[in-house]
Amino acid sequence: TCTPGSLSGTVGGETLGVSCVGAAYSSANVGSYTSTITYTLTNGTGVASDYSLASGSATGAVTAKALSIGAPSLASKAYDGTTTAGTCTPGTLSGLVGSQTLGVSCAGSAYSSANVGSSYASTITYTLVNGGNGGLATNYSLVNGSVSNGTITARSITITATNADKVADSSTSSSAI
């Protein structure tokens with residue numbers, strides 16, 4: 001959108017209306033671009049045809065489009081002695097332009113304990129990846145910092161027992177090693 005500045009240099013305090021149109025940027029991707037601006041004068045208290053106004057240029061920016069995402073989930077994990085969060089599954093992205101697509105992955109911050117517990121809070125960080133139909137990750141933003149809860153469950157372990165051989169003695173007793 002082009003917003004004209006204020007006019008100066010009119011005669012005797014005359015006023016004029018002014019509107020402007022900017023030429024298209026050279027790219028639709030995030031970045032800073034220069035656009036040629038064309039101005040149109042309209043009559044005010046002065047007559048527009050008594051004045052001329054040259055075209056100019058202005059710099060504008062294409063900024064990243066904010067996306068929304070559904071709630072992530074953290075898989076429970078078996079006790080492993082670390083505070084590393086369980087595997088993160090992101091929610092569904094929404095707000096993409098047209099039919100563009102993006103990939104998204106997430107990771108949770110470390111739990112407050114490595115021990116088996118009912119639930120640990122974890123702060124989620126997202127990573128966007130280029131997708132199809134022109135979906136460039138750099139053209140979008142996604143707010144990090146949502147919190148999800150994960151659990152650490154008891155680790156299953158196995159034990160192998162071995163009985164000692166014995167000489168036949170008419171009893172059924174055994175002796176574990």
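- A distance of 12.5 Å separates CG of Asn149 from OG of Ser76, quoted to the nearest 0.5 Å.
- Judged by distance alone, with hydrogens and angles left aside, the side-chain atoms of Lys65 form no donor-acceptor pair with the main-chain N or O of Leu96 at under 3.5 Å.
- Between the side chain of Thr45 and the backbone N or O of Thr15 there is at least one donor-acceptor pair closer than 3.5 Å.
- The shortest distance between side-chain heavy atoms of Thr59 and Tyr33 does not fall below 4.5 Å.
- Counting heavy atoms from C-beta outward, Ile124 and Leu74 have side chains that approach closer than 4.5 Å.
- Annotation: side chain of Thr34 is not in contact with side chain of Tyr25 (no heavy-atom distance under 4.5 Å).
- Smallest separation of non-hydrogen atoms from Ala121 and Val147: CB-CG1, 3.9 Å.
- Put simply, the side chain of Tyr51 gets close to the backbone of Val11: a donor and an acceptor are under 3.5 Å apart.
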Would Ser119 and Thr151 count as a side-chain hydrogen bond (donor to acceptor under 3.5 Å, both in side chains) here? Give the steps. CA-CA 5 Å; Ser119 184; Thr151 57; over 6 Å; no

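- Contact detail for Arg155 and Ala78: the closest heavy-atom pair is NH1-CB, 3.9 Å.
- Closest non-hydrogen pair, Ala66 versus Ser141, comes out as CA-OG, 3.4 Å.
- When every heavy atom of Gly22 is checked against every heavy atom of Cys2, the shortest pair comes out as N-CB, 4.0 Å.
- When all heavy atoms of Pro72 and Ser148 are compared, the pair lying nearest together is O-OG, 3.5 Å.
- Using a distance-only test at 3.5 Å, with no hydrogens or angles considered, a donor-acceptor pair links the side chain of Lys77 to the main chain of Thr84.
- Taking the side chain as every heavy atom from C-beta outward, Leu53 and Leu16 never approach each other to under 4.5 Å.
- In this structure, the side chain of Ser35 engages the main chain of Ala23 through a donor-acceptor pair within 3.5 Å.
- Rounded to the nearest 0.5 angstrom, Ser122 OG and Tyr111 OH are separated by 6.0 Å.
- Residues Asn29 and Leu136 are in side-chain contact: their nearest non-hydrogen atoms beyond the backbone lie under 4.5 Å apart.
- Here the CD1 atom belonging to Ile152 is positioned 5.0 Å from the OH atom belonging to Tyr120, to the nearest 0.5 angstrom.
- Proximity of a side-chain donor or acceptor of Asn43 to a complementary backbone N or O of Ala48 within less than 3.5 Å is detected.
- Contact between Pro90 and Cys106 at its shortest, heavy atoms only, is N-SG, 3.4 Å.
- Here CG of Leu102 is found 9.5 Å from CG of Leu142. Values are rounded to the nearest 0.5 Å.
- With contacts defined as side-chain heavy-atom distances shorter than 4.5 Å, the pair Tyr126/Ile69 qualifies.
- Side chain of Asn133 to backbone of Thr101: no donor-acceptor contact under 3.5 angstrom is found.
- Between Asn144 atom CG and Thr123 atom OG1 the span is 10.0 Å, to the nearest 0.5 Å.
- Taking CD1 of Ile37 as the reference point, atom SG of Cys20 lies at 6.0 Å (rounded to 0.5 Å).
- Put simply, the side chain of Leu41 reaches to within 4.5 Å of the side chain of Leu7, judged on heavy atoms.
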